[in-house]
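Notes to accompany the following structure.
Note that these values count all heavy atoms, side chains included, but never hydrogens, waters or copies made by symmetry. When a ligand or atom number is given, it counts from 1 through the structure's own listing order.
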Amino acid sequence: TRGVITLDPGYKNTGSCESAITFLDGEKGILRYRGYSIEELAEKADFLEVAYLLIFGELPTKEQNDKFHDDIRAESIVDEDIKKIVDAFPKAAHPMGVIASLTSALTSFNPSSVNVNSEEAMYKSVVRILGKFPVLVAWTFRKKEGLPLDYGDNEIGYVENILKMMFRKPNGEYKQNKILVDALDKLLILHADHEQNCSTSTVRIVGSSHAGLFASLSAGISALWGPLHGGANQAVLEMLEAIKADDGDTKKYMAKAKDKSDPFRLMGFGHRVYKNFDPRAKIIKKAADEVLADLGVEDPILDIAKGLEKEALEDQYFVDRRLYPNVDFYSGIIYRAMGIPTDMFTVMFALGRLPGWIAQWREMRLRKEPIGRPRQVYIGETERKFIPVEER
Ligand code: SDX
């Protein structure tokens with residue numbers, strides 16, 4: 001329903017806004033991008049089509065779609081000076097820190113203060129960042145792996161090229177795997193937007209000061225990094241690995257997650273809005289099954305994940321708090337099957353979320369929203385007189 005926001009009793013509404021981009025119903029587990037269900041989009045659209053839909057509000061016609069792909073392809077060259085920044089990072093630098101810096105650095109190579117009221121200028125900035133960001137993602141990965149940087153191959157599809165830029169060997173050897181390309185395309189669609197989550201709210205509030213698009217995206221990447229947010233996909237795999245190393249003792253980790261004196265939480269479970277299954281988790285779980293079966297991969301981590309999920313769904317503590325698997329619970333299993341290391345998982349989340357951040361930034365600027373300035377409830381000292389240090 002338009003214009004009505006119904007919140008759970010006791011919902012912690014940490015600052016809301018009006019938006020026409022993504023609709024969530026936490027009770028019913030519904031997610032729609034510009035009115036289209038996530039289930040239909042994940043099955044029938046490709047990632048750039050969904051990016052166009054989120055940013056410009058309509059699914060592209062064939063002509064618009066072809067032009068969008070071509071214009072993005074034409075923007076997939078990154079200024080050679082950016083390589084100097086990549087080289088300057090220590091190998092141990094966390095990929096999220098690298099990609100946030102590179103994105104912000106793009107500002108100096110591209111006009112960041114885009115004129116949102118000019119369709120042409122906005123379109124140019126959109127294709128520029130969608131063209132360049134996957135190259136920065138691939139370079140971030142290859143820097144970490146000690147591999148020479150690679151531009152991939154502009155003759156192939158957008159998502160195909162992401163995997164090729166990441167995994168092509170220095171001798172040029174590379175074998176494309178359609179199963180993995182389709183799985184990544186689906187994962188990127190499922191991560192593309194999610195209403196006013198922590199990182200999107202960050203992009204909106206930073207952009208509300210009229211900071212440039214690229215700088216606002218860089219801020220969103222930093223917010224996504226946290227293990228309570230996008231960093232959870234890395235934390236899930238680390239948790240599952242720890243359980244595996246602990247003889248698969250899921251009961252021990254369930255007990256830890258319920259122990260109030262223990263800061264441990266079951267990563268990949270719970271959500272501020274979904275008090276039912278995260279619809280994305282259902283699709284990703286099915287995709288994880290299919291990908292591993294198609295690849296003929298037996299991954300004990302998937303079995304541990306399924307066992308943990310079953311226990312949590314039957315556990316009264318979790319049932320009472322309506323804690324279900326979220327988008328991050330199964331995604332890492334697919335990334336792992338692609339050969340992506342855990343500390344790159346959140347970078348892949350940022351790659352998927354990019355169109356949503358752009359769409360939300362553009363919407364906020366087109367609506368001429370004022371600079372973000374949350375108020376507070378002051379709970380500090382009342383007025384008091386200064387005491388010279390000798391008398392304290
Ligand atoms: C994402 O907002 C979005 O849309 C985000 C996202 C997106 O697409 O942008 O969907 C992506 O960030 C998904 C969430 C990924 N994070 C995790 O998986 C980390 C583990 N989850 C939790 O930390 C937690 O569930 C949050 C952060 C996701 C939500 O936190 P809330 O809404 O603030 O929940 P809460 O802290 O108020 O918890 C309510 C109760 C508490 O117990 P009580 O004090 O009522 O006794 O549930 C408990 C919590 O202790 N609880 C958990 C738990 N999550 C909540 N207990 C154990 N394990 C958990 N994972």
Side-chain angles (χ1 to χ4, degrees), residues 7-17 19 21-26 29-33 38 42 50 54 96 187-204 220-240 243 250 252-284 305 308-309 311-313 315-332 345-346 348-357 359-360:
L7 297 175
D8 289 331
Y11 179 84
K12 292 183 275 188
N13 187 20
T14 47
S16 57
C17 69
S19 174
I21 298 171
T22 291
F23 173 76
L24 294 191
D25 180 319
I30 294 173
L31 169 56
R32 295 190 200 122
Y33 295 161
I38 193 63
V50 170
L54 284 168
M96 283 299 275
L187 276 178
L188 296 177
I189 289 171
L190 292 168
H191 285 85
D193 193 50
H194 211 241
E195 203 218 64
Q196 304 313 313
N197 57 84
C198 176
S199 54
T200 299
S201 303
T202 302
V203 169
R204 285 183 82 117
I221 292 169
S222 297
L224 186 72
W225 194 347
L228 294 187
H229 189 14
N233 58 14
Q234 174 176 348
V236 167
L237 249 293
E238 288 161 354
M239 174 185 74
L240 294 173
I243 294 172
T250 49
K252 174 178 163 187
Y253 287 79
M254 287 290 293
K256 275 171 64 72
K258 296 186 283 186
D259 176 356
K260 288 296 172 202
S261 65
D262 189 328
F264 173 78
R265 284 194 162 180
L266 216 56
M267 301 316 278
F269 269 81
H271 200 277
R272 177 62 58 79
V273 177
Y274 289 126
K275 298 306 173 190
N276 194 324
F277 245 90
D278 180 336
R280 302 167 296 178
K282 282 185 191 167
I283 299 171
I284 294 177
L308 193 61
E309 177 189 24
E311 275 190 56
L313 294 179
D315 182 284
Q316 204 53 48
Y317 177 96
F318 277 70
V319 169
D320 291 349
R321 291 163 180 77
R322 299 198 288 175
L323 301 176
Y324 293 90
N326 58 46
V327 67
D328 294 301
F329 189 62
Y330 284 104
S331 55
F345 286 4
T346 313
M348 302 309 286
F349 192 144
L351 179 60
R353 186 53 50 92
L354 195 63
W357 284 335
Q360 299 265 355

Please confirm whether [X] comes within less than 3.5 Å of ligand 1 when only nitrogen or oxygen atoms on both sides are compared.
X	result
F269	yes
M267	no
L228	yes
H229	yes
G268	yes

Could you find the nearest protein heavy atom to [atom] and give me its residue, atom name and distance?
atom	value
atom 14 (C) of ligand 1	N326 ND2, 3.5 Å
atom 17 (C) of ligand 1	A232 CB, 3.5 Å
atom 4 (O) of ligand 1	H194 ND1, 2.6 Å
atom 15 (C) of ligand 1	D328 OD2, 3.3 Å
atom 56 (N) of ligand 1	L323 CD1, 3.8 Å
atom 48 (C) of ligand 1	R321 CD, 3.9 Å
atom 35 (P) of ligand 1	K12 NZ, 3.8 Å
atom 2 (O) of ligand 1	N197 CB, 3.4 Å

inquiry  = Please evaluate residues D25 and R32 with respect to the criterion salt bridge (charged side-chain N to carboxylate O under 4.0 Å, His left out), reporting the C-alpha separation (whole Å), side-chain torsions for both, the decisive distance (0.1 Å), and the verdict.
reply    = CA-CA 9 Å; D25 180 319; R32 295 190 200 122; over 6 Å; no
Between the candidates [options], which shows the shortest non-hydrogen contact distance to [atom]?
atom	options	result
atom 8 (O) of ligand 1	H271, R280, H191	R280
atom 36 (O) of ligand 1	R272, R265, K260	R265
atom 59 (C) of ligand 1	L266, V273, N233	L266
atom 57 (C) of ligand 1	G270, A257, G26, S201	A257

inquiry  = I'd like to know if the side chain of T346 and the backbone of G230 have a donor-acceptor N/O pair within less than 3.5 Å.
reply    =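 Judged by distance alone, yes, a pair lies under 3.5 Å.
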message = side-chain hydrogen bond (donor to acceptor under 3.5 Å, both in side chains), that's the test. Do E309 and Y324 meet it? Break it down for me.
response = CA-CA 8 Å; E309 177 189 24; Y324 293 90; over 6 Å; no
ask   = Is there a side-chain hydrogen bond (donor to acceptor under 3.5 Å, both in side chains) between T22 and H194 once you walk through the steps?
value = CA-CA 6 Å; T22 291; H194 211 241; over 6 Å; no
query = Please walk me through it: do Y330 and N233 pass side-chain contact (heavy atoms from CB on, under 4.5 Å)?
reply = CA-CA 8 Å; Y330 284 104; N233 58 14; over 6 Å; no
ask   = Quick one: does atom 39 (C) of ligand 1 have a protein heavy atom under 4.0 Å from it?
value =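 Given the 4.0 Å cut-off, atom 39 (C) of ligand 1 does not count as touching protein heavy atoms.
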task = Can you see which heavy atom on Y317 is nearest to which on A257, and at what distance?
result =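 Smallest interatomic distance, heavy atoms only, reads OH-O, 4.1 Å.
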message = Less than 4.0 Å is my threshold; does some heavy atom of R353 fall inside it relative to ligand 1?
response =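 True for this residue.
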message = Counting C-beta onward and ignoring hydrogens, is there a side-chain heavy-atom pair between R204 and Q196 closer than 4.5 Å?
response =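 Side chain of R204 against side chain of Q196, heavy atoms only: contact under 4.5 Å found.
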inquiry  = When you compare the side chain of I284 with that of F329, does any pair of heavy atoms fall below 4.5 Å?
reply    =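 Not touching, per the 4.5 Å side-chain cut-off.
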request  = Evaluate the criterion side-chain contact (heavy atoms from CB on, under 4.5 Å) for residue pair I243 and L308; output intermediate values, then yes/no.
outcome  = CA-CA 10 Å; I243 294 172; L308 193 61; 4.0 Å; yes
key: side-chain hydrogen bond (donor to acceptor under 3.5 Å, both in side chains) assessment of T200 paired with Q360   = CA-CA 7 Å; T200 299; Q360 299 265 355; 5.6 Å; no
ask   = CZ of R265 to NZ of K256: how many Å apart, nearest 0.5 Å?
value =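 One finds 13.5 Å between CZ of R265 and NZ of K256.
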